[in-house]
Amino acid sequence: MEKPLTGKKILIVEDEIVFRSLLENFLQALGAVICLAGDGLEAISMLQKITPDMIVCDLEMPRMNGIKLVEHIRTQGNQVPILVISATENMADIAHVLRLGVQDVLLKPVKNLERLREAVYECLYPSMFTSKVEEDEQLFQDWEALTRNPTAAAKLLKQLQPPVQQVIANCRVNYRQLTMAEQPGLVLDIAALSDKDLAFYCLDVTRAGDNGVLAALLLRALFNGLLQEQLSGQKQRLPELSNLLKQVNMLLRQANLKGQFPLLVGYYHQSLKNLILVSAGLNATLNINTHQIQLNNGVPLGTLGSTHLNQISQRCDAWQCQVWGAGGRLRLMLSAE
């Protein structure tokens with residue numbers, strides 16, 4: 001009988017020799033051809049010579065960790081299925097690699113080899129194992145659990161906040177919360193869409209009760225996909241942010257989240273040096289060198305069936321944006337590298 005992974009080439013990126021050997025033997029027994037790398041840099045070198053059907057990688061590794069490796073692979077446009085197996089307890093790291101498009105994350109120690117086998121099969125043969133209905137059911141179950149436990153939802157949201165300093169899409173980005181509070185106020189999220197463009201949003205979660213936190217978690221889960229839709233038809237890679245906010249407004253209504261959701265969305269293309277800001281309910285001041293531009297707040301999402309927005313577009317290689325609303329005030333700073 002033919003082994004289920006016969007003809008499949010799998011690259012294992014893992015610095016722990018014992019666990020790497022376990023994975024190698026397990027997957028070889030299923031018929032796979034195995035290639036091995038000890039860290040992200042070695043994996044990148046190997047990817048110039050081979051085209052694997054799947055990558056299994058750790059997150060914590062010397063020289064180049066798994067997050068940097070996944071970022072590199074995805075910004076190159078490579079959509080090879082990736083299974084992350086890591087001992088991390090950092091929810092932000094797990095959320096980050098899932099956002100980058102890894103197929104699954106398993107936590108060490110892997111005690112259930114049947115679960116590992118299923119994860120590998122789902123990566124290589126997704127149509128056989130996952131249907132859209134199943135995905136929707138899982139999302140619904142997770143969503144129901146969060147709606148019943150506002151404290152857990154707020155804790156999860158706090159864990160998912162981006163680092164205050166990072167280099168992303170060839171830009172150096174940092175931010176400061178200028179007003180601090182025990183409860184979530186202004187929630188910021190930043191995402192790389194390629195090695196040349198990034199997007200961010202700031203949502204005030206204080207004006208919709210517990211629904212504010214739920215809206216932030218929903219937006220975080222769907223933001224990248226929504227923005228990629230806006231970019232897909234734009235030759236110059238400048239998205240229609242007004243359409244994006246209309247979609248978000250509709251999603252909030254479909255999720256039955258009532259309240260006001262002040263939101264500011266920004267997009268920056270590093271090569272074109274183009275910044276777009278659009279606001280539905282948050283004030284912002286943009287500083288470029290000595291030049292200051294005021295972006296008025298518009299109408300918060302959730303207020304009306306339609307959206308009423310304000311937008312500005314500027315060309316610049318460095319800028320600061322101060323955002324404020326009822327939930328507080330923060331400053332976001334960017335410089336192209």
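Fair warning: this is a prediction, and the values are worked out from it, not measured in the lab.
Under a hydrophobic-cluster definition in which Ile, Leu, Val, Met, Phe, Trp and Tyr are linked whenever side-chain heavy atoms come within less than 4.5 Å, directly or via other members, L334 and V265 are assigned to different clusters. One hydrophobic cluster, built from ILVMFWY side chains closer than 4.5 Å, holds both L83 and L36. By the criterion of side-chain heavy atoms lying less than 4.5 angstrom apart, applied directly or through intervening Ile, Leu, Val, Met, Phe, Trp or Tyr residues, M250 is not grouped with L257; the two fall into different hydrophobic clusters. Taken together through direct or relayed side-chain contacts under 4.5 Å among Ile, Leu, Val, Met, Phe, Trp and Tyr, L217 and L251 form part of one hydrophobic cluster. If you chain together hydrophobic residues whose side chains sit under 4.5 Å apart, I276 and V248 fall into the same group.
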Side-chain donor-acceptor pairs under 3.5 Å in residues 105-113, sequence neighbours left out?
residue, atom, partner, partner atom, Å
K108, NZ, E14, OE1, 3.0
K108, NZ, E14, OE2, 3.3
K108, NZ, D58, OD2, 3.3
N112, OD1, E114, N, 3.0
N112, OD1, R115, N, 3.2

May I have the list of side-chain donor-acceptor pairs in residues 320-332 shorter than 3.5 Å, sequence neighbours left out?
residue, atom, partner, partner atom, Å
Q322, OE1, R329, NH1, 2.9

Taking distance alone, no hydrogens or angles, what donor-acceptor pairs closer than 3.5 Å link side-chain atoms of residues 164-172 to residues at least two apart or in another chain?
residue, atom, partner, partner atom, Å
N170, ND2, D195, O, 2.6
R172, NE, E337, OE2, 3.3
R172, NH2, E337, OE2, 2.8

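In terms of modelled atom types and a separation under 3.5 Å, the side chain of D204 and the main chain of T206 share a donor-acceptor contact. Of the possible donor and acceptor atoms, none in the side chain of N249 sits under 3.5 Å from a partner among the backbone N and O of L301. S21 contributes no side-chain N or O that, together with a main-chain N or O of I17, makes up a donor-acceptor pair within less than 3.5 Å. Using modelled atom types, one side-chain atom of E42 and one backbone atom of G38 make a donor-acceptor pair closer than 3.5 Å. With hydrogens and angles ignored, the 3.5 Å screen pairs a side-chain donor or acceptor of R74 with a backbone N or O of N78.
The CG atom of L27 sits 15.0 Å away from atom NZ of K9, with the distance rounded to the nearest 0.5 Å. With values rounded to the nearest 0.5 angstrom, C123 atom SG is found 4.0 Å from M54 atom CE. To the nearest 0.5 Å, atom SG of residue C35 and atom CD of residue E24 are 9.5 Å apart. Considering CG of N283 and OG1 of T285, their distance stands at 7.5 Å, rounded to 0.5 Å. Distance check, rounded to the nearest 0.5 Å: CZ of R20 to CD1 of I12 gives 9.0 Å. Distance check, rounded to the nearest 0.5 Å: CG of L124 to NZ of K8 gives 6.0 Å.
The shortest heavy-atom contact between P262 and P300 is N-CB, 3.8 Å. For the residue pair G298 and N310, the shortest heavy atom distance occurs at N-ND2, 3.2 Å. Heavy atoms only, all atoms of each residue included: G40 and V13 are closest at N-CG1, 4.2 Å. Scanning all heavy atoms of the two residues, the minimum distance from Y268 to C316 falls at OH-O, 2.5 Å. Nearest heavy atoms, L203 versus A215: CD2-C, 4.1 Å. Taking each heavy atom of N65 and L59 in turn, the nearest pair found is CB-O, 3.0 Å.
At least one side-chain heavy atom of L116 sits less than 4.5 Å from a side-chain heavy atom of V120. Between I293 and Q314 the shortest side-chain heavy-atom distance falls below 4.5 Å. Residues Q292 and L286 fail the side-chain proximity criterion, which asks for heavy atoms closer than 4.5 Å. Residues I34 and Q28 are in side-chain contact: their nearest non-hydrogen atoms beyond the backbone lie under 4.5 Å apart. A heavy-atom distance below 4.5 Å is found between the side chains of L263 and L219. Considering only heavy atoms from C-beta on, S279 stays 4.5 Å or farther from N296 through its side chain. Side-chain atoms of L264 and L295, non-hydrogen and from C-beta on, do get closer than 4.5 Å to each other. Looking at K155 and T151, their side chains never come closer than 4.5 Å, going by heavy atoms from C-beta outward.
For NZ of K273, the number of neighbouring non-hydrogen atoms (other residues, nucleotides, ligands) closer than 6.0 Å is greater than 12. The number of heavy-atom neighbours closer than 6.0 Å to CD of E60, taken from other residues, nucleotides and ligands shown, is 12 or below.
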Evaluate L275 against W319 for side chain to side chain contact (heavy atoms under 4.5 Å, CB included), listing each step before the verdict. CA-CA 9 Å; L275 170 68; W319 48 266; 3.7 Å; yes
List the steps and the verdict of side chain to side chain contact (heavy atoms under 4.5 Å, CB included) for L186 and L282. CA-CA 10 Å; L186 291 185; L282 284 175; 4.1 Å; yes
One pair to check against salt bridge (charged side-chain N to carboxylate O under 4.0 Å, His left out): R220 and D189. What are the steps and the verdict? CA-CA 7 Å; R220 183 180 178 93; D189 192 15; 3.0 Å; yes
Can C57 and V70 be said to form a side chain to side chain contact (heavy atoms under 4.5 Å, CB included), step by step? CA-CA 9 Å; C57 81; V70 174; 4.3 Å; yes
Show the numbers, then the answer: is there a side chain to side chain contact (heavy atoms under 4.5 Å, CB included) between I55 and I73? CA-CA 10 Å; I55 296 174; I73 291 170; 3.6 Å; yes
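Under 3.5 Å, the side chains of D317 and S335 contain no donor-acceptor pair of N or O atoms. Side-chain contact of Y267 with D197: a donor-acceptor pair under 3.5 Å is present, judged by distance alone.
Ion pairing of R63 with D39 is present here, as a side-chain N (NZ or NE/NH1/NH2) and a carboxylate O approach within less than 4.0 Å.
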